[in-house]
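Since the structure comes first, as structure tokens, the remarks are kept for the end.
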Number of protein chains: 2
Amino acid sequence: MSVPAESVRYAAILRGAAELFARKGVRSTTVREIAEAAGVLSGSLYHYFASKDAIVDEIMTRYLRALLDRYREVVATDSDARARLHGLVAASLETAKAAPHQTLIYQNELRRLRQRPGGEHIKAAVHEVQQTWLDVIEDGRASGVFRRDIPPRVFYRLIRDAVWLSVKWFRPEGSYPIEQLARDCTSVFLDGFVLN
Amino acid sequence: MSVPAESVRYAAILRGAAELFARKGVRSTTVREIAEAAGVLSGSLYHYFASKDAIVDEIMTRYLRALLDRYREVVATDSDARARLHGLVAASLETAKAAPHQTLIYQNELRRLRQRPGGEHIKAAVHEVQQTWLDVIEDGRASGVFRRDIPPRVFYRLIRDAVWLSVKWFRPEGSYPIEQLARDCTSVFLDGFVLN
DNA sequence: GTCTATAAATAGATAGAC
DNA sequence: GTCTATCTATTTATAGAC
């Protein structure tokens, strides 16, 4: 929520910056590059954003809002734990496919974004993401579907990292569709890779 | 392999730089900070290394050499595919525990390290790491132990990311030992999280 | 709303004294 | 082998004309 709530140029800055941040890293991307990608000179950026950090913040805030909207839809369905876990896997993969740059920034720079002053709302969103997964896992344990000998947090972190890091290798244009990846991912984590 | 093959200070620079690179990122770490951590002034760094990038290269080269040494030990054992896969999981987790900073740099900056000129030997090492996993997976498929409906590369990437990213959350000082994590990790990926 | 011009700080790296 | 001093380039951000 900067000075002009929305405009074509404002959106172009966010879009171009996200691509650059994902490819080169936030720190290695200069405001001049962001400006060039948006078709303006660097001084003009400061009409839309107070600083380079403010651009990063806006990108991540929007991204987390969209992600949490999808997660809330998934847990609103009254299906069993296995279906809901698959729903979270699929929602995450679809989000990564729809917003790969933002997902990559989220993976690469989250640690530093959380630490820095003013990162409280990001921290809160990240916590809600985690809690959504843990609730589904706990539900599956309580209903006797999931194993009790694996700590829920450990399982959560394993599947979380495996799912999200797919943004680094999954190619939507290939012959292996995202729906298949979602099914394979759920099946490996729930049924295992050994033949029964 | 810089000018003085080895010295206390040389080692101190590598150690301090690894910690800083892991915590702040390579780009955000200045040569002055590296020098301060090693107890010298920035000018003195250039007696040991030609550039900041040369420090990063040396850290990653040593790390990958140590990792591949462990991997070669694992695949040299003539056990079945399940045991060898567990061996790779355990070797990776132990490496991450022994060299957490280097592992974090490997995860965060590998993409950029590979791309830049002179990164061919790193690329070759990364390829050998991948091939080690794929060989074990292929062996398990051929011997009828692993599923054939999941693409080997997909399974490799899922378990690879889950295992390596544990460096971001695993705490060696906690009550959950690394050996248990290795067992849980192997079991989740091979047997699944659902109760049988 | 965009540009020009530039301020102010910081970066990697070098030269030479000690 | 280390430090002092500094060069050169780059970076974020600002001020003010248009």
Side-chain angles (χ1 to χ4, degrees), chain A residues 1-60 105 108-109 112-113 115-119, chain B residues 1-60 105 108-109 112-113 115-119:
Chain A
M1 304 311 164
S2 291
V3 185
E6 203 67 55
S7 79
V8 174
R9 189 129 278 167
Y10 184 85
I13 294 169
L14 285 179
R15 190 171 47 245
E19 197 272 328
L20 286 161
F21 290 156
R23 197 176 71 232
K24 315 183 32 163
V26 170
R27 185 66 195 249
S28 301
T29 300
T30 70
V31 291
R32 283 178 175 78
E33 291 172 315
I34 299 170
E36 190 186 19
V40 292
L41 288 182
S42 67
S44 306
L45 279 187
Y46 293 87
H47 176 73
Y48 297 94
F49 295 94
S51 68
K52 178 179 158 182
D53 278 354
I55 301 179
V56 184
D57 273 343
E58 186 62 23
I59 290 171
M60 281 298 96
I105 300 169
N108 287 337
E109 326 251 1
R112 284 179 278 270
L113 292 179
Q115 288 173 351
R116 87 181 175 205
Chain B
M1 304 311 166
S2 289
V3 184
E6 205 65 59
S7 80
V8 174
R9 189 130 279 167
Y10 184 85
I13 293 169
L14 284 180
R15 191 172 46 245
E19 197 272 328
L20 286 162
F21 289 156
R23 197 176 73 232
K24 316 182 32 162
V26 170
R27 187 65 193 251
S28 300
T29 301
T30 70
V31 291
R32 285 174 177 78
E33 289 172 317
I34 298 170
E36 189 186 21
V40 292
L41 289 181
S42 68
S44 306
L45 280 186
Y46 293 87
H47 175 72
Y48 298 94
F49 294 94
S51 68
K52 180 179 157 182
D53 278 354
I55 301 178
V56 184
D57 272 344
E58 186 62 23
I59 291 172
M60 281 300 95
I105 301 169
N108 287 337
E109 326 249 1
R112 282 179 280 271
L113 292 179
Q115 287 173 352
R116 88 181 174 203

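So that the names make sense, note that chain A is the first sequence line, chain B the second, and so on, each numbered from 1.
A distance of 10.5 Å separates CD of B:E109 from CD1 of B:I59, quoted to the nearest 0.5 Å. Interatomic distance, A:K52 NZ to A:T30 OG1, rounded to the nearest 0.5 Å: 7.0 Å.
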_Test side-chain contact (heavy atoms from CB on, under 4.5 Å) on B:R112 and B:R27; report intermediate values, then the result._
CA-CA 11 Å; B:R112 282 179 280 271; B:R27 187 65 193 251; over 6 Å; no

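Contact annotation: A:S44 does not reach the phosphate of C:dG1 (side-chain N/O to OP1 or OP2, under 4.0 Å). Phosphate proximity of D:dT2 to B:H47: absent, as no side-chain N or O sits under 4.0 Å from OP1 or OP2.
Each of A:I55, A:V31, A:I34 was scored for a side chain to side chain contact (heavy atoms under 4.5 Å, CB included) with A:F49, with one residue passing: A:I55.
Residues A:R9 and A:V40 are in side-chain contact: their nearest non-hydrogen atoms beyond the backbone lie under 4.5 Å apart.
In this entry the distance linking CG of B:L41 with C1' of D:dT4 reads 9 Å, nearest Å. Between B:R9 atom CZ and D:dC3 atom C1' there is a gap of 12 Å when expressed in whole angstrom units. The interatomic distance linking A:L20 (CG) with D:dT12 (P) rounds to 12 Å, in whole Å. Following rounding to the nearest Å, A:I34 (CD1) and D:dT11 (P) show an atom-to-atom distance of 11 Å.
Remark: the backbone N or O of A:L20 is not paired with any side-chain donor or acceptor of A:E33 at under 3.5 angstrom.
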*Any chance you could list the contact pattern along nucleotides 11-18 of chain C? Use B for base contacts, S for sugar-phosphate-only contacts and - for none, protein heavy atoms under 4.0 Å, 5' to 3'.*
SBBB----

